[in-house]
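So that the names make sense, note that chain A is the first sequence line, chain B the second, and so on, each numbered from 1. For clarity, every value in this text was computed on a predicted model and none was experimentally measured.
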Amino acid sequence: MKLAIDILEERISDVMASVAGREGCAAIVRPTTDAKFGDYQVNGIMSLAKELKTNPRKLAEQVVEKLDLSDICDKPEIAGPGFINLRLKTEYLTARLLEVNADAVRLGIEEISKPETVVVDFSGPNIAKQMHVGHLRSTIIGDCICRTLEFLGHKVIRQNHIGDWGTQFGMLIANIERRSHQALQGKTIGVIPVHLAEFEDFYREAKQLFDTDENFAERSRAAVVGLHSGDQAWIGRWRALVTQSEKHYQYLYQCLGVKLIHDDIRGESFYKDKLADIVKALQKDGLAEESDGAICVFSEGFKNKEGERLPLIVQKSDGAYLYATTDLAAIRYRVGELKADRIIYVTDARQSLHFEMVFAVARKAGWAKDNIDLVHVTFGSVLGENGKPLKTRSGENVKLKELLDEAVQRANAVVKEKNPELSEEEKEIIAKAVGIGAVKYADYSNNRTSDYVFNFDRMLAMDGNTAPYMQYAYARIKSIERKSESKDVNIETELAGVKELNLSEPAEVDLAKCLIRYGEAIEAAASDYRPNYLTSYLYELAQKFSVFYTNCPVLKAESDKRPTRLLLCDLTRRTIKHGLSKLLGIEVVEQM
RNA sequence: GCGCCCGUAGCUCAGUAGGAUAGAGCGUUGGUUUCCUAAACCAAAGGCCGCAGGUUCGAAUCCUGCCGGGCGUACCA
């Protein structure tokens, strides 16, 4: 069924159009800013009145006169300078709740009518390096966008554009070769790093050798040449490195509950054979030209420090290709092969200019026609308490794994303190869900465009808009379920027979109204790619549930009240679970 | 220099086309438990929404200028 807000928007806009005698009127229905105004307010009358140069209250009256919303709302009220205030009818609310209740899978939320093929480019870790905190946001925000668009009915194609190609691989595979020789000489040394921490040393070792050992540097350059020319020995070493290091980020995806698999990988190496053609095509179309020895595309409106035109370099003066070239090849592939209607890039804001230029070139070259949506979803940095990008004391990037481990460890300490009687195994499961959930939720609940300060204590707090608070609300409902058995209440049979509801307490009505608005939050989150709209909604829901919980006994309620309350509990539980686990990829727990 | 982002309560942050008296949480102060998890709930105090102009019935939101911060700005990604 359609969302109330969408039905209202449509009907009121139609009436406005007929009153005004013109197309394209927007009612701009929004939740009220204050409950005393009802449930929804129409904001569009006043701006329309301005355009028509008429009195807004008079216009509102004319609209209300012709408006029939009697199946949804009480009589609309005109207020202030020209608002129309709407209050949902209890019968509508009841019917809607029962509908949501009957829909176990989608909670009464419709799929969109025009599904698109959406390619989402996110995460993109570098091979042979540990994932660090800088990869967190792209990985989880991208995942949430995928999950949300998928739920709404789009065909989502995840693309993990990993950094698995480039000159730095020369020294890495040269180091594999060097280590192999040592191993053959009987030295007990791992040839390819296996554990996460070893990658760091391995990379550092290669880098140091490259900088200090001319023979090694020479060998590294030979390795690059070998790699590019398809030498099997070098390719074998490279592939071993890629395979080994992929295992590590797959492990982290699993920890984070991020849905990215091996098949989603289309790394830089995937495009390596397509790059020459990209440059050739750009030259052939006269879009690319040589400048200072590099092949460049100059687009309108891009300037450098000196105010001169700024190029998108697609081939360096030494003949090598760059990420701009790869990104162009990727657009071509995604539009041509994957049939994308929309391509979303989830990377930090610092790459804005790069994508602006890439998009401009892709448009000019005709690889992305106007009907293809190219979207750069940016986000801010994760900061430490000092307001600078989060680093370790020694100034290194904080490893993602270490960050998550600490979160789980801290969560474990809290669980131990709050609920000591749980078994070790239960505590571990809860700590993992709470710890990881806290990190993710804290990230999601911030507006993605701003930087935020990372703080374990705050994200693990039980008060406020945090994962533990949400999980706690869920656990309380599960607890009611468990208690019901000992009180001879059979929830299933009571709910199965519910045909009518008895909403009388304010806390019940508030909760009910919140429940039927889940779809609004999802729509808002999807259209702006902003997970914080989801967390805000869920938090509001959990708060309303807490108020309901303190004011309205469920199991001890009179028989005329109990089914309604059981239903409110169950719908809240299902909505929280859906939001957290299905859309945000955060685990819920049975008890805390 | 130019471009993009940001500046909202003591702190951390919301604010979904320009809408009604700017909202949360933390912290502070006070209150609630023979009752389904008090990891909860209720209440109070706390704001020239960086500054100054402008646009209009109405501005945290749009425009201009300024101040302060971050990022980017030709061969890294």
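Regarding Arg30(A), its CZ atom lies at a distance of 14 Å from the P atom of G15(B), rounded to whole Å. For the pair Glu540(A) CD and G25(B) P, the interatomic distance rounds to 12 Å; values are reported in whole Å. Rounded to whole Å, atom C1' of G3(B) lies 17 Å from atom NE2 of His354(A). Atom P of nucleotide C76(B) and atom CD of Gln351(A) are separated by 15 Å, given to the nearest angstrom. With rounding to whole Å, Asn455(A) atom CG is found 12 Å from G27(B) atom P.
Under the rule for a salt bridge (charged side-chain N to carboxylate O under 4.0 Å, His left out), Asp488(A) has no partner lying at least two apart in sequence or in another chain. Residues forming a ring pair (Phe, Tyr, Trp, His ring centres under 6.0 Å) with Tyr472(A) (at least two apart in sequence, or on another chain): none. Glu540(A) meets the salt bridge (charged side-chain N to carboxylate O under 4.0 Å, His left out) test with Lys544(A); sequence neighbours excluded. Residues satisfying the salt bridge (charged side-chain N to carboxylate O under 4.0 Å, His left out) criterion with Arg530(A), sequence neighbours excluded, are absent altogether. Contacts of Tyr529(A) classified as ring pair (Phe, Tyr, Trp, His ring centres under 6.0 Å), with partners at least two apart in sequence or in another chain: none. Contacts of Lys478(A) classified as salt bridge (charged side-chain N to carboxylate O under 4.0 Å, His left out), with partners at least two apart in sequence or in another chain: Glu481(A), Glu590(A).
Between Arg517(A) and Glu520(A) there is a salt bridge, with a side-chain nitrogen of the basic residue lying less than 4.0 Å from a carboxylate oxygen of the acidic one. Comment: Asp348(A) does not engage Arg137(A) in a salt bridge, judged by the lack of any side-chain N to carboxylate O separation of less than 4.0 angstrom.
Residue Gln41(A) is in base contact, counting any heavy-atom pair closer than 4.0 Å across all strands shown. Heavy atoms of Leu353(A) sit under 4.0 angstrom from primed sugar atoms or phosphate atoms, though from no base atom. Within 4.0 Å of Asp457(A), counting heavy atoms only, lies no atom of the nucleic acid at all. Residue contacts shown for Ala320(A) are absent, as no nucleic acid heavy atom lies under 4.0 Å away. The residue Asp327(A) sits apart from the nucleic acid: no heavy atom pair falls under 4.0 Å.
Nearest-nucleotide positions on RNA chain B place Ala27(A) closer to the 5' end than the other of Gln315(A) and Ala27(A). Comparing Glu481(A) and Cys25(A), the nucleotide of RNA chain B nearest to each residue sits closer to the 5' end for Cys25(A).
Taking a pair as Watson-Crick or G-U with both hydrogen-bonding distances under 3.5 Å, the stems of three or more pairs touching RNA chain B are B:1-7 with B:67-73, B:10-13 with B:23-26, B:28-32 with B:40-44, B:50-54 with B:62-66.
Per the stacking criterion (ring centres < 5.5 Å, plane angle < 30°), Phe83(A) does not stack onto the base of G19(B).
In this structure, Arg309(A) is positioned above the aromatic face of Phe298(A), its NZ or CZ under 6.0 Å from the six-membered ring centre and within 45° of the axis.
Closest non-hydrogen pair, Leu52(A) versus Ala20(A), comes out as CD1-CB, 3.7 Å. Smallest separation of non-hydrogen atoms from Ala128(A) and Ser245(A): N-OG, 3.2 Å.
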Practice prompt. Determine, for nucleotides 37-47 of chain B in 5'-to-3' order, which nucleotides have protein heavy atoms under 4.0 Å from the base (write B), from only the sugar-phosphate (write S), or from neither (write -).
Written response: BSBSSS-----
What protein N or O atoms touch nucleotides 6-13 of chain B N or O atoms at under 3.5 angstrom, if any, and at what distances?
| from | atom 1 | to | atom 2 | distance (Å) |
| --- | --- | --- | --- | --- |
| U12(B) | O2' | Arg458(A) | NE | 3.4 |
| U12(B) | O2' | Arg458(A) | NH2 | 3.4 |
| C13(B) | OP1 | Val453(A) | N | 3.0 |
| C13(B) | O3' | Asn446(A) | OD1 | 3.1 |

Report, one pair per line, the protein and nucleotides 55-63 of chain B atoms (nitrogen or oxygen only) whose separation is under 3.5 Å.
| from | atom 1 | to | atom 2 | distance (Å) |
| --- | --- | --- | --- | --- |
| G58(B) | O6 | Lys50(A) | NZ | 3.1 |

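Remark: the separation of the C1' atoms in C62(B) and U28(B) is 38 Å, to the nearest Å.
The stretch residues 518-530 of chain A touches RNA chain B through Ala524(A), Arg530(A), each having a heavy atom within less than 4.0 Å of the strand. Applying a 4.0 Å cut-off to non-hydrogen atoms, the residues of residues 294-313 of chain A that approach RNA chain B are Ala294(A), Cys296(A), Phe298(A), Lys303(A), Asn304(A), Lys305(A), Leu310(A), Pro311(A), Ile313(A), listed by residue number.
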Discussion item. Pair His354(A), Tyr323(A) - check ring pair (Phe, Tyr, Trp, His ring centres under 6.0 Å), show working.
Written reply: CA-CA 10 Å; His354(A) 164 72; Tyr323(A) 76 137; 3.8 Å; yes
